[in-house]
Amino acid sequence: MTRAVCPGSYDPPTNGHLDIIERAAALFDEVVVAVMINKSKRGLFTVEERMDLLAETIAHVPNVRVDSWHGLLVDYCAQNDVQAIVKGLRAVSDFDYELQMAQMNQGLTGVETMFMPTKPLNSFLSSSLVKEVATYGGEVSHLLPPNVHKRLVQRLAENARSADS
């Protein structure tokens, strides 16, 4: 069985993430969407919430499952018999950073990284940008799966109420 991992923070998952996950699922027997935990970052959604959003979003893809990990991605790969890391690339700036990471990961454990270019429609998408636009009332529903958009609107409203209290 060939197994790949699509790592990321997914805060929140976007249509760009979904596209890369679905395309990876067509190439591998199993794809694990790994929500990476960075204790130094405070996300809009908890790790558990992101995992739930992803599970709902990719439920239609039978060979994809969601997991989380805190630590080196290569350790996750070794412990879970993962042969490849799949990363989406939006621009040359992504490639510069991801190439160094891929070379480090390959040097540490031999795990390979595959780069997938995003579709032009998603080339500007980032979770950070979507959150920023949504925070100021911008329309982002076309950039997110419907379940994610609904939850994002709810979370931003909750945060606004908390800030007003």
Hphob cluster co-occupancy, [X] + [Y], side-chain heavy atoms under 4.5 angstrom:
X	Y	answer
Ile20	Val66	yes
Phe124	Val140	yes
Leu72	Ile37	no
Val61	Met114	yes
Trp69	Val47	no

Legend entry - Arg90 side chain to Asn122 backbone, donor-acceptor under 3.5 Å: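 Checking the backbone N and O of Asn122 against the side chain of Arg90, no donor-acceptor pair under 3.5 Å is found.
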Inset, instruction - Look only at the side chain of His149 and the backbone of Leu144, and say whether a donor-acceptor pair between them is shorter than 3.5 Å. - result: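 The answer is no, because no donor-acceptor pair under 3.5 Å joins these two groups.
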Is the closest side-chain heavy-atom distance between [X] and [Y] below 4.5 Å?
X	Y	result
Phe45	Leu152	yes
Met51	Ser68	yes
Arg50	Ser9	yes
Asn147	Thr57	yes
His17	Ser127	yes
Leu143	Thr14	no
Arg23	Lys119	yes

Say you draw a straight line from [atom1] of [X] to [atom2] of [Y]; how long is it, rounded to the nearest 0.5 Å?
X	Y	atom1	atom2	value
Leu156	Arg151	CG	CZ	10.0 Å
Met116	Ile21	CE	CD1	11.0 Å
Lys131	Thr135	NZ	OG1	8.5 Å
Leu44	Asp11	CG	CG	5.5 Å
Lys87	Glu98	NZ	CD	3.0 Å
Met1	Glu30	CE	CD	5.5 Å

Run the side-chain donor-acceptor check on residues 76-86: report pairs under 3.5 Å with partners two or more places apart or on a different chain.
unit_1	atom_1	unit_2	atom_2	d
Tyr76	OH	Asp67	OD2	2.7
Asn80	ND2	Tyr76	O	2.9
Asp81	OD1	Gln83	NE2	3.3
Gln83	OE1	Arg3	N	2.5
Gln83	NE2	Asp81	O	3.1

Legend entry - N-O pairing of Arg161 and Glu158 below 4.0 Å: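 Looking at Arg161 and Glu158, the cut-off is not met.
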Legend entry - side chain to side chain donor-acceptor pair (under 3.5 Å) partners for Glu139, two or more places apart: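 Testing Glu139 for side chain to side chain donor-acceptor pair (under 3.5 Å), a comparison that skips the adjacent residues, returns Ser141.
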Check [X] against [Y] and note the closest heavy-atom contact, atom names and distance.
X	Y	answer
Leu73	Val5	CD1-CG1, 4.2 Å
Pro12	Val148	CB-CG1, 3.6 Å
Asp29	Thr2	OD2-N, 2.8 Å

Inset, instruction - Please indicate whether Gln106 has more than 12 foreign heavy atoms, meaning atoms of other residues, nucleotides or ligands, lying under 6.0 Å from its CD. - result: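 Enclosed.
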Inset, instruction - Check whether more than 12 heavy atoms from other residues, nucleotides or ligands sit under 6.0 Å from atom CZ of Phe115, and answer yes or no. - result: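 Yes, because the 6.0 Å sphere around CZ of Phe115 holds more than 12 heavy atoms from other groups.
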